[in-house]
Structure formats: structure tokens, C-alpha cells
Amino acid sequence: MRKTFQRTLITSALPYANGPVHIGHLAGVYIPADIYARYLRLKGEEVLFIGGSDEHGVPIALKAKTEGITPQEIVDRYHYIIKKSFEEFGITFDIYSRTTSAIHHQTASGFFQKLYEKGEFIEKTSEQYYDEEAGQFLADRYITGECPHCGNKHAYGDQCEVCGATLSPLDLIHPKSAVSGSIPVPKATKHWYLPLDRHEAWLKKWILEDHREWKSNVYGQCKSWLDMGLQPRAVSRDLNWGIPIPVEGGEGKVLYVWFDAPVGYISNTIEHSPDDWEKWWKDESTRLIHFIGKDNIVFHCIVFPAMLKAEGTYILPENVPANEFLNLEGDKISTSRNWAVWLHEYLEDFPGKQDVLRYVLTASAPETKDNDFTWKDFQARNNSELVAVFGNFVNRAMVLVHKYFQGRIPERGEPDDYDRATLNEFKHIKRNLEDCLNQFRFRDALKEAMNLARTGNKYLADTEPWKSVKTDAGRTKTVLNIAMQITASLAIAFEPFLPFSSEKLKRMINKKDLKWSDLGSIDLLETGLRLNQPDLLFEKIEDEAIEKQIQKLQDARKANVLKESQAAAKPLKACIGFDAFEKMDIRTGIVLECSKVPRADKLLQFKIDDGLGGRTILSGIAGYYAPEELVGKQVCFIANLEPRKIRGIESQGMILAAENADGAVAVIRPDKEVSPGSEVK
RNA sequence: CGCGGAGUGGAGCAGUUGGUAGCUCGCCAGGCUCAUAACCUGGAGGCCGUGGGUUCGAGUCCUUCCUCCGCAACCA
């Protein structure tokens, strides 16, 4: 049943070039992909490992605008930083290119054209908001206005975050462009859609029946999408930064990034092997594997395969091992809040310690659920696993050989039962290691590799060559010969995970070419082979270095708070007359009851004593106040605001609260106790 | 009820088709001294988020509710 493959094409999600890469990217995508690529190469398989920067899309266009430079300058800046970081971390891409390349433009454009000619798209004309001042159509997210359901003034074009309603930009009352601040006007625009619904039947069979082995997070998400029924998705956007739509009526429009970016995998393959790229994409004996993060699952499992199938000549992915997310010290990693460990900064602070980070990120990779990276854990894993177990075993074996046999591999006599049991253990671990790697379980695979080193330590402890050297030279030779064979095997086993250390270890034992199939062999180092001087593979990381990193994060947090407190206050609204102010009836009241509104994340329902018999008010502050926190407290509210139903409950007024720049809310309360119903002027 | 993932000793994770709860780190005790105070052995520590159900038997299957994360809605 299992297909046999002749070669493997590995892709890793294209990082978005609006910032550098951080440990989350590395742990989620690039390290697993690199481990897999290295493993297959070590086994002598034909592998191509593709990467590149994703450089189009609205956020980059906007960032360029705010910085007053061209989008190209933005992506140039980050593309080279990202590329360099990957190189320094030993991510062995066969090619790392970019979506602004000429080849990619041609390829993506041609891909669109082919689907267009085959009639794989449908066209729809719709009204969309156009910003006349900025001269562009607006993405849903870049329009704000008043929510027609709850009256929230800052609803987005796609959703109101206060009442949770799903919106279309045209629903918004008083829409405003987030780009220029002007009032957008509806304008007809034509777009092309990929009718995913047409592909539903085969996708269902292909994923739900033929790929039950996919990871549960991947399978589950696909199943949910397929069960809901697929909808056509727009493949074009009204934007001036991207790949122009190459067909009639496409002026001023570009490919939507999700159509553009995955084709980048193909373009980069073409750039790498212009003559025989097709064998990687169009030959059934190629196994295609996409390494991605969990946010990208539907694109890689449903949308991109639908594109490939629609085109007609491409193979489909064999597996999509998606990882969950990595947090940092308990908080979500965030580029904008500078809550991240940036790769280029890590390398400055820990020069030469790429493997330590590779180890830690693999050992606590978010394979099945979100995980947390902490500097304490980083230190502990380095000191008590890499140094104490792996590094120490290698060092003691090397030192013993130097001490007793002048650095030459001693002759091995007949192994005894215990020797054989240890070597047997090696065969066993090798098998486990391969099973884990084949199933993309890199965390477990690494643990198995560490078990090899543990076995080595135990072997030395049990055979005690420092004792036998006084009584039985032959036995000591055999033991240290075997210990060194184990050391050589470690160099192989760790190569996919810790390539720099493996390289160093191979120099120490004077062996260049070791293949995966050699793992577990006891004839890797021939008798008499001269070893080089031992050099520590890993060194302890002291508390000061860790505290410096923690301090750095705390500083980032402080800087954020400072930035928020110094955030420019919003510009004033237009002047109003005193009569307009007088129309508002603001009162005080005492909170009698307060409860969460069921099935609404942010809403609290208040019962207020307003001195007039009481009233119910809903307020979207559940994220900042526990219901019981405000009971018995005085609040201020607008008493004559038109009542409005929210989630089926009528809200009779609005509780006044100050909103901080970071979105945090503080309820306004009278400084001294006043009687309920007092007017606020 | 929009959808998906996760909740297991102090921390991080395994737990395959239901059959005695495991691993690494940390902690405690002992051993060893070749080794980066590293290594080896033993030990303590868990009603597997919550309530209910199916079963001779549930961490595992069904179900209630709670918590965290993601998708839908640029980001691994």
C-alpha cells in the first residue's frame, strides 16, 4: 500500500519579510525541516530543501508607507537578515530565494494564467470600499467604523471585537480608512476566485481517507473545513505591491499573497535546478513534504493542493507536519511588542552556540501543543543534558584514551556479554531513532539520541576502565575501543540535530565521512587511529548570562509600557457646542449585580441602581474586570443613550471607562460617594 | 453552542487497538573518582482539568462544564 519514493522535496514556510526571524520560527518550522533534510541526506537519499522570503502583501506595503520608503527597500532589508540568520544556524537550504525574484514573478504569473485559461477560476464583480485619497481599494481589516449591532465605534471591516459579530465592510456605519483616515467610497471591482467547492470531493477522499496518518492537529483542522463545506476564495487583490494579474481586466490588481507565496516553492525549485526541476514537482516518485506552523494548515492542506490539482500536472504533498506555537517566558511571541529572541541577537550574545539553541528548541518543540521557552530551561538543558551527559561522555572517553594509550585507538579483544548487551542496546536505539524521525517526531528522536550518550556513560561506569587499567590491560583496551566506537556513533546520531558539534566531534576523532548506516557499527575507528586533542563540545552557561537575557526581556517589557504611556493621544474630534454637551445625560449609579454574558467573551451585564428604579447595562470590559469586582462600586454612565439589544439583552446606557493605548480599560468612578442618579457635569 | 488543538508528579513531555501510569530535568540518599562538582544506583512525589456514563476493567471510549492556544481575520 505504501508508495515507494525515490526522492524527497522538503519545503519550509516562507517567512514574511516584514521583520527578522525569531526562535518561534526556528522551533516551529526551520529546525524540524533541517533535521529531516540532514537525516535523509545522511542516509544517502536524494533531497531538495527549499526556502525563501515571502515579500508581497498588504502589511509590507503599509509598513513601507509609514516609513516613507518603497516596499522593495523593506523586503531587501529583512530578506538578507533572515537569509544570514538561517545560514549561521546551519539551516541547509539548497536554495533560499524570494518572491520578488524575476523567476517567481514569471512562474506565479504563468500559474495564474494557466488556471485562467483552463477555466479553473470564477469571476465576480462586487462593491468594495475605495480610498480616494490613497488611491487604493481597502482590505477589510483596514476599514473601521461603527458596528451596526452594538454601536462600538471601532469595529473592523470584517468583525466587531466588542460584540463578536461577523461583518462586511459595507455594514459599517461611518466607515473610515485606516490608511489615510478619509471616508472611503464603494466602487465596483472584479476579482477572480478559486472555487474550492469544486475540489471538495477529491480533497475529502485524499485527506480524510488516504491520509489518516497526518498529525491530529492537521487532520482535525482539515476535517473541520471539509465538513463545513468549502467556499470559493478570491485569488486577486486590489493592491499595487505584488505580482500583477496577467489577464484582461487585471490592471491595478495583484495575486493575493496566499496564491503567490506557495508557488514560491515551485519558483525556487526552478531557480535552483532550471533543467530538471520538473522531476521534483511532476514525478509521482517524489515525496513532497511541507513544514509549516499551525496557522498555515488550511493553505497547505486544502488551498495549495487545490491549486496544484487545478493546474493538473503537479504532485500533491505526502505529509504536512505542522507544529503548534512557541511562547516565550509565558507570553506570546510578538514582533511588534519586541517580545522575542531574535536569531541575529542570539548569535551576538552566544557566539558559537547555535547547537545549544537547536537542541533546546528541538527538545521542547511545540509538536503537539504550544510550548514555553524559558531561559532557565535553556540553561538547565545545556548544563545538565548537553554538558553533563553528551559532552561529558565524549570528554571522559577521549581523556581516557589519551591518558592510557597516547591518543591512539587501542586494540579490541573479544567482547564479553556486557559489551554485547551494550552494543545491542545501540541497535535498538538506532531503530527507535529512525522510527521517530520517519514520523516527524523530532523531540522523541532527540531523546533517543541522548539515550545513546547515557548508554555510553553507563558503560564506562560499569566497566570501570580506570580500575582495570591497573590489573587487566587487555580488558581496558577492549572497553576503551568500544567506548570510542560509541563516540563515533554519537557523531552520526547527532548530526541532524547538532551539526556544528557533530562536525567538531568528527575532527576530534579524525573521521570525516560517517554515514547513517554506520551508526552502531563497532568498526568505525580502526585500531591505532590517532585521535586529536579533546576539546569540550559544550560549556556550562553561567547564571549571569541567563540573567542578562531575562533582563533584556524585562527591559523590552518596560520599553513597551513606556511607549504605551507616551503614545500620542488621539487627535481631538471636532468642536461641539455647549448645547450638544447638555444633551448628554451622564449619571452615577451603584452596581447592584454583575455577571458575564454567556457565550460572549467580552461582555459583562450590570444591574445599576440609578436612583430611578434601576437599569440594565452591558459593557465590553470582561477582559479587564471580574464580575464580582465592581459590585457595590459606583460608576458613571450615559443615561439617555438609545437602548440597544446586544446578544439578546437590552442595554440601557453606556458605562464610562478610560481606554489606555494598549487597549486596557479603567472604569470611571466618582472620587467620593454620591447618591445614585447624581448628574455628572 | 463557528471550527480545530491542548489540559498527566515541582517543571517539560510520553502513554499506540481500553488491561499494573512512564521518560527527562529538579529534589533526597548512597556509590564512584576517568570526566566540565560532571557520571552511576536507589528513593520520595500523580484520585491523569471537572461532573456524569459505557465496561469485569477508563489517562485511553461517550457526554457535561471549566481553562489555555490557534483558525476564521498579515504573522511559525
Side-chain angles (χ1 to χ4, degrees), chain A residues 12-16 18-19 21-32 54 56-63 139-142 156-159 161 164 166 215-225 227-228 257-258 291-299 322-327 332-336 363-372 374 376-377 380-381 383-389 391-404 441 443-444 446-447 450-451 454 456-462 464-467 469 480 483 534 536-540 598-599:
Chain A
S12 56
L14 306 185
Y16 198 56
N18 69 340
V21 280
H22 53 63
I23 53 170
H25 297 110
L26 209 55
V29 178
Y30 306 102
I31 287 179
D54 174 13
H56 294 130
V58 177
I60 284 173
L62 275 182
K63 191 178 178 113
D140 294 356
R141 200 71 189 172
Y142 293 100
Y156 291 103
D158 48 1
Q159 189 192 40
E161 301 209 321
T166 305
K215 289 176 64 172
S216 61
N217 56 346
V218 177
Y219 189 89
Q221 176 128 36
C222 291
K223 184 172 188 312
S224 127
W225 271 65
D227 288 350
M228 278 190 297
V257 277
W258 66 254
F291 282 87
I292 57 166
K294 69 171 157 182
D295 54 330
N296 255 328
I297 290 171
V298 283
F299 294 108
N323 272 338
E324 302 283 304
F325 281 179
L326 190 71
N327 293 327
K332 247 200 268 195
I333 294 180
S334 160
T335 301
S336 57
S364 54
E367 286 183 7
T368 48
K369 63 170 187 188
D370 291 1
N371 257 346
D372 198 25
T374 65
K376 289 276 179 213
D377 180 62
R381 284 189 185 277
N383 293 355
S384 59
E385 295 181 26
L386 285 180
V387 173
V389 178
N392 184 45
F393 168 70
V394 170
N395 191 46
R396 60 201 294 214
M398 291 284 296
V399 166
L400 286 168
V401 173
H402 272 278
K403 202 177 249 180
Y404 301 151
R441 289 165 45 198
R443 200 172 49 191
D444 290 343
L446 182 60
K447 202 178 268 180
M450 279 308 272
N451 281 340
R454 285 179 218 285
N457 273 319
K458 188 166 156 45
Y459 181 72
L460 285 184
D462 291 343
E464 299 180 307
W466 51 90
K467 280 188 182 165
V469 72
L480 287 183
L536 297 183
L537 280 184
F538 307 99
E539 51 193 30
K540 285 198 91 159
R599 297 198 180 80

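All values reported here derive from a predicted model rather than from experimental measurement.
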> Can you tell me the Watson-Crick or wobble partner of U50(B), both distances under 3.5 angstrom?
Replying inline: none
>> Nearest to the K294(A) side chain among C74(B), C32(B), C69(B), which nucleotide is it?
In response: C69(B)
> Distance check: side-chain N/O of K63(A) vs OP1/OP2 of C74(B), anything under 4.0 Å?
Replying inline: no
> Does the R443(A) side chain pair with the main chain of A365(A), one donor and one acceptor, at a distance under 3.5 Å?
Replying inline: yes
>> When both hydrogen-bonding distances must be under 3.5 Å and the geometry is Watson-Crick or G-U wobble, what is A37(B) paired with, if anything?
In response: none
>> Please give the distance between the P atoms of C27(B) and A37(B) as a whole number of Å.
In response: 16 Å
>> In whole Å, measure the gap between the C1' atoms of G53(B) and C65(B) for me.
In response: 15 Å
> Out of C34(B), C39(B), U33(B), which nucleotide sits closest to the side chain of Y404(A)?
Replying inline: C34(B)
>> Any base atoms under 4.0 Å from K376(A), or only sugar-phosphate, or nothing? Heavy atoms, all strands.
In response: nothing
> Base, sugar-phosphate, or nothing: which does I60(A) touch, judged by heavy atoms less than 4.0 Å apart?
Replying inline: nothing
>> Would you say K215(A) places a side-chain N or O within less than 4.0 Å of OP1 or OP2 belonging to G5(B)?
In response: no
> Side chain of K215(A), backbone of A322(A): donor and acceptor closer than 3.5 Å?
Replying inline: yes
> For C40(B), does OP1 or OP2 lie under 4.0 Å from any side-chain N or O of R396(A)?
Replying inline: no
> Of all the choices, A35(B), C40(B), G26(B), which nucleotide is nearest to the side chain of S384(A) once you look at every atom?
Replying inline: G26(B)
> From the list A72(B), U41(B), G12(B), which nucleotide is the closest neighbour of the side chain of R381(A)?
Replying inline: G12(B)
> Under 4.0 angstrom, heavy atoms only, what part of the nucleic acid is R454(A) near: base, sugar-phosphate, or nothing?
Replying inline: sugar-phosphate
>> If we ignore hydrogens and angles and just use 3.5 Å, is the side chain of N327(A) paired with the main-chain N or O of D372(A) as donor and acceptor?
In response: no
> So what does G57(A) touch, heavy atoms closer than 4.0 Å: a base, only the sugar-phosphate, or nothing?
Replying inline: nothing
>> For a quick check of understanding: with a heavy-atom distance under 4.0 Å over all strands, which category does D377(A) fall into, base, sugar-phosphate or nothing?
In response: nothing
> Base, sugar-phosphate alone, or nothing: which one does L537(A) contact when heavy atoms must sit under 4.0 Å apart?
Replying inline: base
> Looking only at atom C1', what distance separates G9(B) and C1(B), rounded to whole Å?
Replying inline: 35 Å
>> Need one value for I333(A): base, sugar-phosphate or nothing, where a base atom within 4.0 Å counts as base even if backbone is also close, heavy atoms only.
In response: base
>> What's Y30(A) touching, base or sugar-phosphate or nothing? Going by heavy atoms closer than 4.0 Å.
In response: nothing
> Using the P atom in both, what is the distance from U64(B) to U17(B), to the nearest Å?
Replying inline: 23 Å
>> Would the distance check show the side chain of Y404(A) and the main-chain N or O of V399(A) forming a donor-acceptor pair, the cut-off being under 3.5 Å?
In response: no
> Which listed nucleotide (A14(B), C39(B), C74(B)) is nearest to the side chain of A461(A)?
Replying inline: C39(B)
> When we call it a touch if two heavy atoms are under 4.0 Å apart, what does V387(A) touch: a base, just sugar-phosphate, or nothing?
Replying inline: base
> In terms of side-chain heavy atoms of E385(A), which of C25(B), C34(B), G12(B) is nearest?
Replying inline: C25(B)
> For K540(A) and A38(B), is the shortest distance between a side-chain N/O and OP1 or OP2 below 4.0 Å?
Replying inline: yes
> Looking at the side chain of N392(A), which of A35(B), C40(B), A72(B) is the nearest nucleotide?
Replying inline: A35(B)
>> Using Watson-Crick or G-U wobble geometry with both distances under 3.5 Å, which nucleotide pairs with U24(B)?
In response: A11(B)
> Which value, in whole Å, describes the distance between the C1' atoms of nucleotides G59(B) and G46(B)?
Replying inline: 11 Å
> After noting the C-alpha distance and the side-chain angles of N323(A) and V29(A), does the key distance pass the side-chain contact (heavy atoms from CB on, under 4.5 Å) rule?
Replying inline: CA-CA 7 Å; N323(A) 272 338; V29(A) 178; over 6 Å; no
> Considering only side-chain heavy atoms of K447(A), which listed nucleotide, C23(B), A35(B), U33(B), is closest?
Replying inline: C23(B)
> C1' atom, G42(B) versus G51(B): distance in rounded Å?
Replying inline: 40 Å
